[in-house]
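Proteins get letters first, then strands, A, B, ... in listed order; numbering begins at 1 in each.
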Amino acid sequence: MADSPIRVTLPDGSTRDYAGPVTGTTIAADIGPGLAKAALAIRIDGQLVDLAAPIAADAEIAIVTRNDGDDEVLELLRHDAAHVMAEAVQELYPDAQVTFGPAIEDGFYYDFARDEPFTPDDLEHIEKRMHEIVARDEAIHREIWDRQQAINFFKDKGEHYKAEHIETLPADVDISIYRQGDWLDLCTGPHLPSTGKLGKAFKLTKLSGAYWRGDANNAQLQRIYGTCWRDKKELNAYLTMIEEALKRDHRRLGREMSLFHLQEEAAGSVFWHPKGWTIYRACEDYMRRRLEAADYHEIKTPQLYERVLWERSGHWEKFRDDMFVLADAGERVLGLKPMNCPGHVQVFRQGIKSYRDLPLRFAEFGSCMRNEPSGALHGIMRVRSFTQDDAHIFCTEDQIVSETAAFCALLTSVYRDFGFDDVLVKFSDRPPVRAGDDATWDRAETALREATEAAGLPYEMNPGEGAFYGPKLEFVLRDAIGRQWQCGTLQVDFVLPERLDAAYVAEDGAKHRPVMLHRAILGSFERFIGILIENYAGRLPLWLAPVQVVVATITGEADAYAIQVTEKCAAAGLRVASDLRNEKINYKVREHSLAKVPVMLVVGGREAEQGTVALRRLGGKAQETLAFDEAVSNLTREAAPPAST
RNA sequence: GCCGCCGUAGCUCAGGGGUAGAGCACACCCUUGGUAAGGGUGGGGCCGUAAGUUCGAUUCUUACCGGCGGCACCA
């Protein structure tokens with residue numbers, strides 16, 4: 001049977017005809033030796049596959065080279081880097097078993113099973129061997145194996161994880177094996193034509209533990225992370241970016257700007273210093289204003305509750321291990337609150353509530369304690385005692401939609417005031433372990449979905465990630481360097497009002513259960529302030545800056561005048577400090593710049609004489625000379641927090 | 001919690017079986033200087049905690065505590 005002719009269409013619209021099945025390798029060679037050399041893979045009807053994959057029918061194709069801008073090329077390179085790393089590891093450490101090794105954002109990793117731990121020195125050896133494997137330019141081939149043959153092969157080799165993996169693959173998938181040199185791995189591909197095409201722009205970055213199949217009950221593997229790019233320039237840009245991110249680390253800035261500290265006797269709790277606490281209060285004051293304007297009622301509920309309450313709410317069963325529990329002098333067992341909702345229900349339950357009271361919104365800057373696992377602690381971002389900008393909205397089922405829409409509007413407006421314009425919403429539906437029956441979950445999920453759509457925010461699904469009592473929305477913001485932070489949340493809860501017996505009298509005169517909406521915008525103040533610090537690299541906007549203005553003198557002659565200016569600023573409500581030290585102005589400018597003070601008012605003999613100030617902005621080169629009254633009133637206006645009028 | 005690494009002055013870090021060093025910061029003195037480091041002098045450490053090995057431990061071993069990077073967790 002003769003092959004039927006094949007026509008391929010190139011991205012520029014031109015076509016090429018072949019007598020029979022053909023591969024990207026051939027086509028690239030036909031087009032030119034330069035392309036043949038640069039070709040990494042081929043896109044056939046939009047799908048990225050091996051260059052050597054047969055084209056058996058007419059198709060639109062594109063030969064893919066490393067300079068094609070799209071992310072799939074990077075993914076291809078990174079996945080290959082993972083394979084080259086695995087080959088290097090197994091050459092150097094034959095006792096290491098391979099498991100999984102995917103491309104990830106910015107790089108790749110590979111998980112190995114090996115009794116002996118890898119050391120940082122090992123990374124250097126592995127990286128060196130990787131470069132050798134690239135230099136060997138081993139051809140990479142794809143093979144389809146018989147399933148049982150593959151299982152036996154890997155078992156014989158002592159590669160138990162691979163064998164187990166194949167056994168769990170669906171029966172209808174091809175068992176594709178990629179071979180490079182003497183090494184091979186089970187993989188779906190696609191891959192480069194040879195290891196030489198990987199290039200040199202990769203680097204192994206870190207070593208860590210990881211569980212087999214991501215489950216903490218399974219064996220722990222050793223993961224090696226690396227980064228990989230198209231070329232050295234991109235690699236260096238990435239490494240520079242990492243250094244920059246390190247510089248804006250809130251833990252470092254918190255110390256340098258003396259905002260807060262942490263110490264081991266209080267692991268997981270923050271010691272706020274005056275400057276840090278000023279930021280905190282600015283956030284809290286702002287939130288209080290926003291909540292009041294949105295018809296929330298602020299309350300304060302206890303820290304300690306008896307065990308029975310946690311049993312009734314369901315927290316005892318699910319979160320007891322993560323709670324701080326203590327015994328009082330008698331028989332009672334008390335738990336420090338890990339969340340505020342049971343307390344809010346107690347407030348709701350006082351007196352008889354009518355449908356006319358709904359929606360009733362209780363807000364609390366609630367201090368919570370959770371015994372987070374030691375490995376989870378991270379600066380002030382993940383701590384054991386923290387304060388949520390928490391609120392619970394008690395409403396009817398009919399009110400879910402309007403309350404959700406109002407909340408979404410409030411949240412986006414708050415984020416914008418803090419400088420975050422980019423918000424992503426994730427919709428998390430029922431988790432495998434949950435309270436409440438399926439019919440209730442159906443109702444809650446339907447209501448929330450409707451509400452989300454009504455709010456008009458784009459959202460994506462996050463299946464199985466809901467809270468144990470209800471579905472939730474998670475609000476993710478994007479910071480100045482593109483990182484995503486989940487801060488806000490809105491959770492629909494039909495369960496807790498039932499468990500804690502919250503009720504209102506409806507129009508029909510009968511008692512009904514309210515729905516509870518749990519919601520937070522910032523999440524926790526501690527974490528949110530950490531995010532703010534990193535987002536702004538410490539250079540907070542004027543309204544949040546702990547010290548907004550420093551009045552610095554050039555000579556001692558200006559001291560009296562500087563004090564006058566400082567007092568005027570303070571009287572206008574600005575957070576101001578004066579620097580009358582016997583230091584040169586260069587020194588003062590440098591020091592306050594490093595302290596990230598947004599505005600300096602420099603005064604010398606001239607200014608004192610003329611009643612002016614030289615206003616200098618953080619990071620700015622020029623100064624502006626203004627009458628000091630004018631400077632103060634301008635700054636006062638500029639420093640006003642959003643929504644403060 | 002798990003794996004790996006780390007813990008020396010306020011900070012960043014060097015050192016190394018015989019009880020320690022640098023830079024910055026700090027204090028004092030000189031300098032009154034016009035927008036990112038003026039000069040000099042000086043003080044400062046139970047080398048994370050506890051046990052073990054040793055004539056002797058900050059250095060080697062072990063355990064614990066804490067930190068860092070991940071993993072797992074995140075109501």
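- Nucleic acid contact for A:A614: base, since at least one base atom lies under 4.0 Å from a heavy atom of the residue.
- In this model, a side-chain donor or acceptor of A:Y211 finds a partner on the base of B:G1 within 3.5 Å.
- With salt bridges taken as basic N to acidic carboxylate O contacts below 4.0 Å, one links A:E591 and A:R581.
- Paired regions of RNA chain B, where each region holds three or more successive Watson-Crick or G-U pairs whose two hydrogen-bonding distances fall under 3.5 Å, are B:1-7 with B:65-71, B:10-13 with B:21-24, B:26-30 with B:38-42, B:48-52 with B:60-64.
- Residues satisfying the ring-ring contact (aromatic ring centres under 6.0 Å, His included) criterion with A:H344, sequence neighbours excluded, are A:H392.
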| message | salt bridge (Lys or Arg N to Asp or Glu O under 4.0 Å) for A:E638 and A:R617? Distances and angles first, verdict last. | response | CA-CA 13 Å; A:E638 200 185 320; A:R617 306 253 172 197; 2.8 Å; yes
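- The distance between atom CD1 of A:I380 and atom P of B:C68, rounded to the nearest whole Å, is 12 Å.
- Checking B:G34, B:G69, B:C26 against the side-chain heavy atoms of A:H378 singles out B:G69 as nearest.
- Among the protein residues, A:R616 comes within range of the nucleic acid bases, having at least one heavy atom under 4.0 Å from a base atom.
- Residues passing the ring-ring contact (aromatic ring centres under 6.0 Å, His included) test with A:Y296: none are found, sequence neighbours excluded.
- Residues satisfying the salt bridge (Lys or Arg N to Asp or Glu O under 4.0 Å) criterion with A:E159, sequence neighbours excluded, are absent altogether.
- Residue contacts shown for A:R606 include a base, since a base heavy atom lies under 4.0 Å away.
- Here A:E244 pairs with A:K247 under the side-chain hydrogen bond (donor to acceptor under 3.5 Å, both in side chains) rule; sequence neighbours left out.
- Checking B:G33, B:G4, B:A36 against every side-chain atom of A:S593, the shortest atom distance belongs to B:A36.
- For the pair A:N586 and B:A36, the criterion of a side-chain N or O lying under 4.0 Å from OP1 or OP2 is met.
- Atom name P, nucleotides B:G18 and B:G56: the rounded distance is 14 Å, in whole Å.
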Pairs: protein N or O with nucleotides 60-67 of chain B N or O, under 3.5 Å:
unit_1, atom_1, unit_2, atom_2, d
B:C65, O2', A:E264, OE2, 3.1

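- Of the candidate nucleotides B:G4, B:G70, B:U12, B:G4 has the atom lying nearest to any side-chain atom of A:L207.
- Residue A:K206 places at least one side-chain N or O under 4.0 Å from the OP1 or OP2 atom of B:G70.
- For the pair A:E105 CD and B:G70 P, the interatomic distance rounds to 13 Å; values are reported in whole Å.
- Looking at residues two or more places apart in sequence or on another chain, you find a salt bridge (Lys or Arg N to Asp or Glu O under 4.0 Å) between A:E498 and A:R513.
- No donor-acceptor pair closer than 3.5 Å links the side chain of A:N535 to the backbone N or O of A:L532.
- Judged by distance alone, with hydrogens and angles left aside, the side-chain atoms of A:T227 form no donor-acceptor pair with the main-chain N or O of A:G107 at under 3.5 Å.
- Under 4.0 Å is where a charged nitrogen must lie from a carboxylate oxygen, and between A:E583 and A:R590 no such pair does.
- The salt bridge (Lys or Arg N to Asp or Glu O under 4.0 Å) test applied to A:E403 returns A:R361, not counting sequence neighbours.
- Residue A:R252 places no side-chain N or O under 4.0 Å from the OP1 or OP2 atom of B:U12.
- In this structure, A:L221 places its CG atom 13 Å from C1' of B:A72, rounding to the nearest Å.
- Note on A:L594: a base of the nucleic acid sits closer than 4.0 angstrom, heavy atoms only.
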Report, one pair per line, the protein and nucleotides 13-15 of chain B atoms (nitrogen or oxygen only) whose separation is under 3.5 Å.
none

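- Using atom C1' as the reference point in both B:G44 and B:G39, the two lie 22 Å apart (nearest Å).
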| Test salt bridge (Lys or Arg N to Asp or Glu O under 4.0 Å) applied to A:E243 and A:R248, step by step | CA-CA 9 Å; A:E243 277 173 41; A:R248 56 171 74 209; over 6 Å; no
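- Although no hydrogens or angles enter the test, the distance criterion places a donor-acceptor pair under 3.5 Å between the side chain of A:Q548 and the main chain of A:L542.
- Partners of A:E124 under the salt bridge (Lys or Arg N to Asp or Glu O under 4.0 Å) rule, at least two apart in sequence or in another chain, do not exist in this structure.
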Mind listing the side-chain donor-acceptor pairs of residues 264-271 of chain A below 3.5 Å, one per line with the distance, residues two or more places apart or on another chain?
unit_1, atom_1, unit_2, atom_2, d
A:E265, OE1, A:Q263, NE2, 3.3
A:S269, OG, A:S385, OG, 3.1

Check nucleotides 73-75 of chain B against the protein and report each pair of N or O atoms closer than 3.5 Å, with its distance, or say if there are none.
unit_1, atom_1, unit_2, atom_2, d
B:C73, O2, A:R382, NH2, 2.7
B:C73, N3, A:R382, NH1, 3.0
B:C74, O2, A:R382, NH1, 3.2
B:A75, O3', A:Y469, OH, 3.4
B:A75, O2', A:Y469, OH, 3.4

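- With both ends at atom C1', the span from B:A63 to B:G21 equals 30 Å, rounded to whole Å.
- With rounding to whole Å, A:E583 atom CD is found 13 Å from B:C29 atom P.
- B:U58 sits 24 Å from B:C13 when the P atoms are compared, rounded to a whole Å.
- Taking atom CG of A:D579 as the reference point, atom P of B:G34 lies 16 Å away to the nearest angstrom.
- In this structure, A:D215 and A:G604 both approach RNA chain B, and ranking their closest nucleotides by distance from the 5' end singles out A:G604.
- Comparing the C1' positions of B:U62 and B:U19 gives a spacing of 23 Å, expressed to the nearest Å.
- Heavy atoms of A:E607 sit under 4.0 angstrom from at least one base atom.
- Taking the P atoms as reference points, B:U61 lies 15 Å from B:G16, given to the whole Å.
- Straight-line distance between the P atoms of B:A27 and B:C65: roughly 38 Å, to the nearest whole Å.
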| request: Check the pair A:R78, A:E105 against salt bridge (Lys or Arg N to Asp or Glu O under 4.0 Å), reporting the backbone distance first and the verdict last. | output: CA-CA 9 Å; A:R78 287 167 182 167; A:E105 193 175 357; over 6 Å; no
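- If you take NZ of A:K596 and C1' of B:A36, they are 12 Å apart, rounded to a whole angstrom.
- If you measure from atom CG of A:D122 to atom C1' of B:G4, you get 11 Å, rounded to the nearest angstrom.
- Taking atom P in both B:C5 and B:C64, the straight-line distance is 15 Å, to the nearest Å.
- A:Q623 comes within 4.0 angstrom of a base, heavy atoms only.
- Atom pair A:Y587:OH and B:G39:C1' shows a separation of 13 Å (rounding to whole Å applied).
- In this structure, A:R519 is not positioned above the aromatic face of A:F407 in the sense of NZ or CZ being under 6.0 Å from the six-membered ring centre and within 45° of the axis.
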